[in-house]
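Below you'll find the structure, written out as structure tokens, and then a few comments.
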Amino acid sequence: MNTAALPPVPLCPIPPRRRLVPRSALKRQMEVSGIDSNGREFSSASEMWREEIGGTGTEAAGSDQTKLRDWYSKGISYWQGVEASVEGVLGGYGCVNDTDVKESEAFLKMLLPLRFGKEKRHLVALDCGAGIGRVTKNLLLRHFNEVDLVEPVSHFLETARENLSPSNIMQEEDTNKATNFYCVPLQDFTPEPGRYDVIWVQWCIGHLPDEDFISFFSRAKAGLKTNGFFILKENTTRGGGFVLDKDDQSITRSDTYFRELFERCGLYVHSARDQKELPKELFPVKMYCLVTEKPRKGVNNARKRKHGNRPAIIKS
Ligand SMILES: C[S@@+](CC[C@H](N)C(=O)[O-])C[C@H]1O[C@@H](n2cnc3c(N)ncnc32)[C@H](O)[C@@H]1O
């Protein structure tokens, strides 16, 4: 992609890790467990977490609180320097907004009737790491009566508040609205019990080390209504390894890494899809629908039979 043609905004973790990781190191990525954006290799995620936060990444007690605070404050400082625009939150790849929204919508439309039936009901969503409210505005408000946003960077959240004010949105239904705006990072946020049908987590969970990832999802489960679910939409690495971005302090995990963490959260993958039509230089993006109860055998089979003409799309 010709980045010279793009506005000179600071880059977010979506594309530039490819740019920052030396080509030779990227080739070796398949052979090692992980790599950082300076090309440094790690034999395991534990080795990387020990260095970054002083613990293994999965035991809260094992982490060095000063290092953990540093980890988070570097991430927040990075985003504080980014323009509050679609181009800014998408790292200069504002061009992926439409396809991102289109694929998310198709996934959501498949899931809503499956989980809640076809009867009309009052739907509430939570947009996590919401940035300027891009996902809320373009997707969630079209399907949910209420959307709450949680975002730690105040200039993003203030822009979201403006973007989502009734005079600035055209909704399917006039009654749909952004209700609460929480200026809190996910590691410190606990959703109101039983409020949400869907908790949407997109392009932000890489800022949470494993221990806080597990603790966030474990707390957030109580925020779901019966049959409620999480959507996690994230970059994934191509090989089995992880990539640590030293610029914004975030980690891109592999599909296997994610699935191990879901298990530790007591969450099940109801279904998953790959985002299509992204520029080739970007990390592959996956959407996971995560549920708190073990999916019953046969439910997914029935769905596969129904969509037998395109079996590659739904992976569970
Ligand atoms: C790539 S942007 C994505 C924004 C939005 N989800 C979207 O798709 O348009 C990453 C977002 O994660 C937020 N973020 C950074 N650290 C976070 C944390 N610890 N908890 C929650 N969000 C965080 C950033 O402020 C930023 O808004």
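As the structure lists them, so they are numbered: ligands from 1, and atoms in each ligand from 1.
- Per-residue contacts place V89 under 4.0 angstrom from the following atoms of ligand 1 (heavy atoms of the residue considered): 1 (C), 2 (S), 9 (O).
- Just one residue in the list I199, V198, V147 forms a side-chain contact (heavy atoms from CB on, under 4.5 Å) with D127, and that residue is V147.
- At a 4.0 Å heavy-atom cut-off, ligand 1 touches V135 through the side chain alone.
- For the pair F116 and T226, the tightest heavy-atom approach, listed with the atom from each and the gap, is CE2-O, 3.9 Å.
- Aromatic rings of F189 and F216 (six-membered ring for Trp) have centroids beyond the 6.0 Å cut-off, not under it.
- F229 does not carry R115 over the face of its six-membered ring by the limits of under 6.0 Å from the centre and within 45° of the normal.
- Checking K74, R134, Q80 against atom 8 (O) of ligand 1, the nearest heavy atom belongs to R134.
- Contacts with ligand 1 closer than 4.0 Å are made by side-chain heavy atoms of W79 only, the backbone lying farther away.
- Here is the list of ligand 1 atoms found below 4.0 Å of a heavy atom in G131: 27 (O).
- The ligand atoms of ligand 1 that sit less than 4.0 angstrom from a heavy atom of V153 are 25 (O).
- Close approach of ligand 1 to Q202 (heavy-atom distance below 4.0 Å) involves ligand atoms 6 (N), 8 (O).
- Ion pair K233/E103 not flagged as a salt bridge, since none of the NZ, NE, NH1 or NH2 atoms sits closer than 4.0 Å to an Asp/Glu carboxylate oxygen.
- Between F217 and F213, the two ring planes are tilted [angle within 30° to 60°].
- Geometrically, ligand 1 and Y72 share no nitrogen or oxygen pair separated by less than 3.5 Å.
- Judged by the 6.0 Å and 45° rule, R161 forms a cation-pi pair with F181.
- Heavy atoms of other residues, nucleotides or ligands lying less than 6.0 angstrom from CD of E263 number 12 at most.
- Considering only non-hydrogen atoms, atom 6 (N) of ligand 1 lies nearest to G129 out of G91, G129, A84, P185.
- Assignment of P152 to the shell around ligand 1 is supported, since a heavy atom sits closer than 4.0 Å.
- By the 4.0 Å heavy-atom criterion, L208 is counted among the residues contacting ligand 1.
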